[in-house]
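Here is the structure we will look at.
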Amino acid sequence: MIKREDVYKIGLFNKPHGIHGELSFTFTDDIFDRVDCDYLICRLDDIFVPFFIEEYRFRSDSTALVKLEGVDTAERARMFTNVEVYFPVEHVEEAEPGELSWSFFVGFRVEDVRHGALGEVTDVDTSTVNTLFVVDRDGDELLIPAQEEFIAGIDQKHKIITVDLPEGLLSLDECDDEES
């Protein structure tokens, strides 16, 4: 059985494309194209189910058309509409250094060398020049710069990112929360 910690979300199947079972796939990570893994994992009824990829082709830098084995009609493809797509973590190690996307780190715990546990990464904000980890800290949103200079270590096995944040960065974020 595939467990949540064995996978990470890379996108979403949108809707069928055409009549032969192709699916429109919006992805946040194209690792399925960069690593030798011939299947994707879909979350169906809260169960992670692997599906072999028959073929795929890119439509843009964030969308592809995917044909899954055994899905040969538009009707069968409709079952995958709005289904989350995941990738097995075990194949991520095959990626070259620097090839991991930021979305891989969703679900990791963040710990600071001085302040200890900060919370869990729930999202990654790449909308600005400075990529930010969005961390859930006891129900509050904490934004942490995702920059190499602040990352002291990454433990992929235990899903922990150790950071060494500049003094005052956490207190600045707390001040912003108080003003809201």
Side-chain angles (χ1 to χ4, degrees), residues 1-13 25-43 46 48 50 53 56 58 60-64 84-180:
M1 187 162 146
I2 301 171
K3 298 182 193 121
R4 175 68 185 102
E5 58 269 11
D6 297 333
V7 297
Y8 78 102
K9 186 176 175 183
I10 63 166
L12 185 75
F13 283 135
F25 174 39
T26 302
F27 56 88
T28 56
D29 188 340
D30 67 352
I31 191 156
F32 64 94
D33 186 51
R34 294 180 279 120
V35 172
D36 188 25
C37 179
D38 53 0
Y39 64 95
L40 295 172
I41 298 168
C42 296
R43 187 174 184 176
D46 242 6
F48 294 101
I53 302 169
Y56 64 89
F58 289 99
S60 72
D61 60 353
S62 63
T63 60
E84 294 176 342
V85 179
Y86 293 79
F87 195 79
V89 171
E90 67 184 3
H91 289 286
V92 171
E93 294 169 2
E94 299 169 22
E96 296 295 319
E99 281 192 328
L100 288 178
S101 78
W102 289 113
S103 61
F104 174 75
F105 298 104
V106 171
F108 274 60
R109 290 189 326 264
V110 180
E111 296 179 356
D112 182 71
V113 294
R114 284 181 290 287
H115 299 94
L118 298 179
E120 183 177 312
V121 177
T122 58
D123 197 10
V124 179
D125 182 353
T126 57
S127 63
T128 64
V129 158
N130 297 315
T131 300
L132 300 168
F133 290 126
V134 180
V135 176
D136 178 1
R137 185 178 192 186
D138 301 322
D140 291 328
E141 188 177 89
L142 182 63
L143 300 175
I144 297 176
Q147 295 180 351
E148 278 188 48
E149 64 192 271
F150 300 141
I151 298 174
I154 297 173
D155 180 345
Q156 285 188 29
K157 184 178 179 187
H158 297 104
K159 296 185 103 172
I160 298 171
I161 301 170
T162 305
V163 295
D164 187 359
L165 298 176
E167 201 59 47
L169 186 67
L170 287 176
S171 59
L172 278 175
D173 195 63
E174 290 166 2
C175 291
D176 288 344
D177 289 345
E178 290 169 8
E179 292 173 9
S180 307

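Because the structure is a prediction, the values reported are computed rather than measured. Values below: all heavy atoms of this structure, side chains included; hydrogens, waters and symmetry mates excluded.
- A heavy-atom distance below 4.5 Å is found between the side chains of Pro50 and Ile2.
- Rounding to the nearest 0.5 Å gives a distance of 10.5 Å between CZ of Phe133 and CD of Gln147.
- Phe25 places a side-chain heavy atom less than 4.5 Å from the side chain of Ile10.
- Salt bridge status for Asp29 with Arg34: present, with a side-chain N to carboxylate O gap under 4.0 Å.
- To the nearest 0.5 Å, atom CG of residue Leu40 and atom CZ of residue Phe13 are 5.5 Å apart.
- Residues meeting the ring pair (Phe, Tyr, Trp, His ring centres under 6.0 Å) test with Tyr56, sequence neighbours left out: Phe32, Phe58.
- Residues satisfying the side-chain contact (heavy atoms from CB on, under 4.5 Å) criterion with Asp123, sequence neighbours excluded, are Val134.
- In this structure, Asp138 has no side-chain contact (heavy atoms from CB on, under 4.5 Å) partners at least two apart in sequence or on a different chain.
- Thr63 is linked by a side-chain hydrogen bond (donor to acceptor under 3.5 Å, both in side chains) to Ser60, counting only residues two or more places apart in sequence or in another chain.
- Interatomic distance, Thr122 OG1 to Leu142 CG, rounded to the nearest 0.5 Å: 10.0 Å.
- Applying the side-chain contact (heavy atoms from CB on, under 4.5 Å) test to Leu12 and every residue at least two apart in sequence or in another chain returns Asn14, Asn82, Glu84.
- Contacts of Asp61 classified as side-chain hydrogen bond (donor to acceptor under 3.5 Å, both in side chains), with partners at least two apart in sequence or in another chain: none.
- The side-chain contact (heavy atoms from CB on, under 4.5 Å) search around Thr131 returns Trp102, Val124, Thr126, Ala146, not counting sequence neighbours.
- Residues passing the side-chain hydrogen bond (donor to acceptor under 3.5 Å, both in side chains) test with Asp155, sequence neighbours excluded: His158.
- Summarising the geometry, atom OH belonging to Tyr86 is positioned 5.0 Å from atom CZ belonging to Arg4; distances are rounded to the nearest 0.5 Å.
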Mind listing the side-chain donor-acceptor pairs of residues 107-116 below 3.5 Å, one per line with the distance, residues two or more places apart or on another chain?
| unit_1 | atom_1 | unit_2 | atom_2 | d |
| --- | --- | --- | --- | --- |
| Asp112 | OD1 | Leu165 | N | 3.0 |
| Asp112 | OD2 | Arg114 | N | 3.0 |
| Asp112 | OD2 | His115 | N | 3.0 |
| Asp112 | OD2 | His115 | ND1 | 2.9 |
| Arg114 | NE | Glu167 | OE1 | 3.1 |
| Arg114 | NH1 | Asp164 | OD1 | 2.9 |
| Arg114 | NH2 | Asp164 | OD1 | 3.2 |
| Arg114 | NH2 | Leu165 | O | 2.4 |

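- Looking at heavy atoms from C-beta onward, Phe27 lies out of side-chain contact with Val85 at the 4.5 angstrom threshold.
- Applying the salt bridge (charged side-chain N to carboxylate O under 4.0 Å, His left out) rule to Asp33 yields no partners; only residues at least two apart in sequence or on another chain are considered.
- Note that the CZ atom of Phe48 and the CD1 atom of Ile41 stand 8.5 Å from one another [nearest 0.5 Å].
- Put simply, CZ on Phe150 and CD1 on Ile161 are 14.5 Å apart, with the number rounded to the nearest 0.5 Å.
- The side-chain hydrogen bond (donor to acceptor under 3.5 Å, both in side chains) test applied to Asp136 returns no partner, not counting sequence neighbours.
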